[in-house]
Amino acid sequence: MLQRISSLKEYQTTYKNSIEQSENFWSEVADNFLWKKKWEKVFSGGFEKADYKWFEGGKLNITENCIDRHLEKFGNKTAILWEPNNPTEQNRKISYNELHEAVCQFSNALEKLGIKKGDTVCIYMPMIPELAIAMLSCARIGSIHSIVFGGFSAQSIADRIQDAECKWMITADGCYRGDKPLYLKKIVDEALEKCPSIQKSIVLNRSNFDCNMKADRDVWWSDIMKDCSTKHEAATMDSEDPLFILYTSGSTGKPKGVLHTTAGYMVYSTYTFLNVFQYQPEQIYWCTADIGWVTGHSYIVYGPLLNGATTLMYEGIPQFPDWGRWWEVIDKYKVNIFYTAPTAIRSLEAQGLKFLEGKSLESLRVLGTVGEPINEEAWEWYHKNIGKEKCPIVDTWWQTETGGILISSLAGVTPVKPSFATLPFLGVEPLIVDANGKEIKEIIAEGNLCIRKSWPGQARTVYKDHERFIQTYFTTYPGMYFTGDGCKRDYDGNYRITGRVDDVINVSGHRIGTAEVENAINEHLDVYESAVVGFPHFIKGQGIFAFVSCEPQPKDIILFKQEVLNIVAKIIGPFAKPDRIEIVSGLPKTRSGKIMRRILRKIAEGEFDKVGDVTTLLNPEVVEEIKKKVKG
Ligand code: WT7
């Protein structure tokens, strides 16, 4: 049985052991899984070349651990509860037995199409059980899934398909988000025009939307499933075989294909799910994220299923048909553990309490947040009105690259402190460094957050670009993993994550590279150049502020701004549209021509007096002009 940490004391002693006897510790955790062959070496390698490996020599299949091994004891237990966008549509309950049959059948279908171990498969689907079935089937046959979030544009899908060299696509006709139809197949069709590498595109009929099925390329999900057996022998994978690629934004314009491997990710997502949420058998667990982000990968699909939990998937949005929907869903399924993002909490808070009337929420035991710093006010609101002051809140800090939660309290076991992610998870050794890369050893500290040693869930590389992986994470501070986040540590050793210190902004928990948005804006013919920075936003945490200089000057400013928004939506996706656009005569630059984003950041934040010395700039005069524009 996996060790469940159940007291602060036990956390402290286990933590100490997990750091001092790291390999022993993780090997004991890993003993609780189904291995086709046990590993030979718990850990090897290091950060210098980023060649660390976990459980080397082991053979396994993650889906046998997610599904098969539960069947004997509780095959009839519900694995996935599905709540549709429209509350009048029939919901679904899928037992572990049924999930097993569906995954086996779809795995056979994928193999029949010719998909092989090591092939990359792009998935672009709504939040329906078939999305989980698709990803698990990929894992079962040893192919690598690359899921693209449903909010991304055709261009973004095409970029990701090309980068990962995907030969296969899995999608659906479309879905409704609230009362708005989303024509996924049409978006994919547009993307695939630029992707000749795609051999077959599998289309699930979710909504009976008209689909233009391209002969030789497009096949219906239901057609390929026909005649496929519901038994399938899972492929034997090495511990370090790739499991999935997930694209995420960084400081440059090109998103990185973060690669996770099989055994380490499995062990880490299982163990964090159990201990952070203190999951108990029979509890109903709901994470509101989209499976297209890492939170959905690790804590809607893999982590919960690996623990044999019942995981709820909701297809819709929080405000449909009204802002009381989530509370209705919690009561309907008697949800015990609820995991969401600060942006959602702030949006719900802004609606007042009327949508909570008549909702009991008494099934809730544990609340969680993830994705961005949570402000104290939102924390208090969540604690009081949703948790009724009796549910611990776990503020979980982690990243696409970390695979699972690295800093968080353990629900009801270790102390909480509003707006602090608190203490490191077992086996995780955070440290704070100053701008020069020197570790700050004082207990009370502020600086950049790094991690000293590898943990099993850590990403192994950037797909096909290991050099970039090393450059991004392991060279800023040699010998450590650099997270890109700033943080503070209090007297008790609690960590508070203060936000990104690089050119990444976090809008409603969506990670966006400022360079990506700039590149998109620069596609407008009238734009000479642009600079994008984040600014504090009441609901979204951070908003996007775009400064653009134009040549020629746009005649119709309102029209111009609309065109800029459209371009960003088309190139990246609607969620990356700037909240504010200012046309300026020039951007502040150093004498060597570098745009001074620091100055723009201060102005966007409204800290006009804190822009610092501008006299050494190439064009100091623009700073006053920009200030005036933004103030006005
Ligand atoms: C960035 C990673 C990990 C799942 C979702 C986001 C920010 C994440 C917290 C938190 C403060 C947080 C960080 C991090 N972040 N969780 N609890 N408190 N900030 O994954 O898209 O890879 O983004 O999200 O800035 O670096 P991601």
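Order of listing sets the numbers, starting from 1, for every ligand and every atom in it. None of the values given here were measured: they were computed from a predicted structure.
Checked against the 6.0 Å centroid threshold, Phe425 and Tyr271 count as a close aromatic pair. A ring-centre distance under 6.0 Å is found for Trp455 and Tyr481.
With rounding to the nearest 0.5 Å, the separation of OG in Ser409 from CG in Asn275 is 12.0 Å.
Among protein heavy atoms, the minimum distance from atom 27 (P) of ligand 1 is reached at Thr400 OG1, 3.5 Å. Atom 23 (O) of ligand 1 has Arg511 CD, 3.4 Å as its closest protein atom, hydrogens excluded (heavy atom only). Remark: minimum distance from atom 25 (O) of ligand 1 to any protein heavy atom is reached at Asp485 OD1, 2.6 Å. Protein heavy atom closest to atom 3 (C) of ligand 1, with residue, atom name and distance, is Trp398 O, 3.1 Å.
With atom 15 (N) of ligand 1 as the reference point, the heavy atom nearest to it among Gly371, Ser298, Pro373, Ala421 is part of Gly371.
For ligand 1, the polar-atom distance check finds an N/O of Gln399 within less than 3.5 Å of one of the ligand's N/O atoms. Residue Glu401 has no nitrogen or oxygen atom sitting less than 3.5 Å from a nitrogen or oxygen atom of ligand 1, judged on distance alone. Among the atoms of Thr483, none of the N or O lies under 3.5 angstrom from an N or O of ligand 1.
Ring geometry for Tyr285 versus Phe273: interplanar angle over 60°, hence perpendicular rather than tilted (30 to 60°).
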